[in-house]
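We count ligands from 1, going down the list as the structure has it; atoms in each ligand are counted the same way. Since the model is a prediction, treat every value here as computed from it, not as a measurement.
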Amino acid sequence: MANLSAVFMNITKESKIVVLTGAGISAESGIKTFRDAGGLWENYNVEDVATPQAFDSNPILVWNFYKERYKQSKTVSPNPAHYALVELEDYLKDNFFLITQNVDGLHNVAGTKRIIEMHGNLTECFCINCNAKYKLEKINLAQDIPICPKCNGYLRPNVVWFGEMPYHLNKIDTLVSQCNYFIVVGTSGIVYPAAGLLQLAKYSGAKTIGINLEKPANIYSIDYFYQGKAGEILPKLVKQWII
Ligand code: APR
């Protein structure tokens, strides 16, 4: 691995760093990514389980998919890459922000505090009638389609589906366009608008860094690319950065 100290000799506690993570950061925790060989979208059609139309036409199938993923997410733990980001946040405090596309909640379990889950969180659901939000652990998941205890409307997973607006885009835009360093970890750079944040950061004057097993689709916007496993590379980099 290249030594990053030349790139980061100016990193101080005052440097504003925004990190974007994707499924690859949780791969070493045992969660399948979407588009790698054997990934989730090899076994399921996006159109059947991850669109508002799918929920409209077959809510039981959609719920079964997310109940399964929720169950699995409770059996896994954060890996060294998640914890490295907690260390980076401890160092930078309010100058750190994490944006994740992941819904597995592992950054929260690891202890990251300044976080935006732009695609939602598997552990939550909300009512499509009254918008009330619930933790899945408070809901009777034995129901084929869980029902809102307040209004009897259908509950749906609090996950952003294809064709829906990701959460907190205004705040994300501000954070990314004002940071000094933008770091992407474990994402294929295919799904927008998340994939476009690299370009936004670069055009706004940030240095961009990528850590990924394969070269992502938007690698052209990455200034410094580190190819390999996040759980092996990120802890080493963070150690260099926070010296
Ligand atoms: N370390 C680093 N990168 C890894 C690792 C690893 N251990 N394992 C896999 N990767 C990389 C892969 O090379 C791939 O480029 O992680 C990336 C995962 O890409 P995707 O499966 O496309 O996941 P992601 O980019 O998060 O998907 C974006 O698409 O399906 C939707 O809403 C879903 O949030 C998701 C979005």
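L175 CG to R114 CZ: the interatomic distance, rounded to the nearest 0.5 Å, is 12.0 Å. For the atom pair CG of L85 and NE2 of H107, the computed distance is 6.0 Å after rounding to the nearest 0.5 Å. To the nearest 0.5 Å, the span separating OG1 on T174 from NE2 on H168 amounts to 13.0 Å.
By the rule that hydrophobic residues join a cluster once side-chain heavy atoms approach within less than 4.5 Å of another member, Y167 and W161 end up as members of separate clusters.
Ring pair W241/Y91: centre-to-centre distance not below 6.0 Å.
Near ligand 1, residues G22, A23, G24, A27, E28, T33, F34, R35, D36, W41, Q101, H119, F162, G186, T187, S188, V191, N212, L213, E214, G228, K229, A230 each place a heavy atom inside the 4.0 Å sphere around the ligand atoms.
Within 6.0 Å of the NZ atom in K13, the count of heavy atoms belonging to other residues, nucleotides or ligands exceeds 12.
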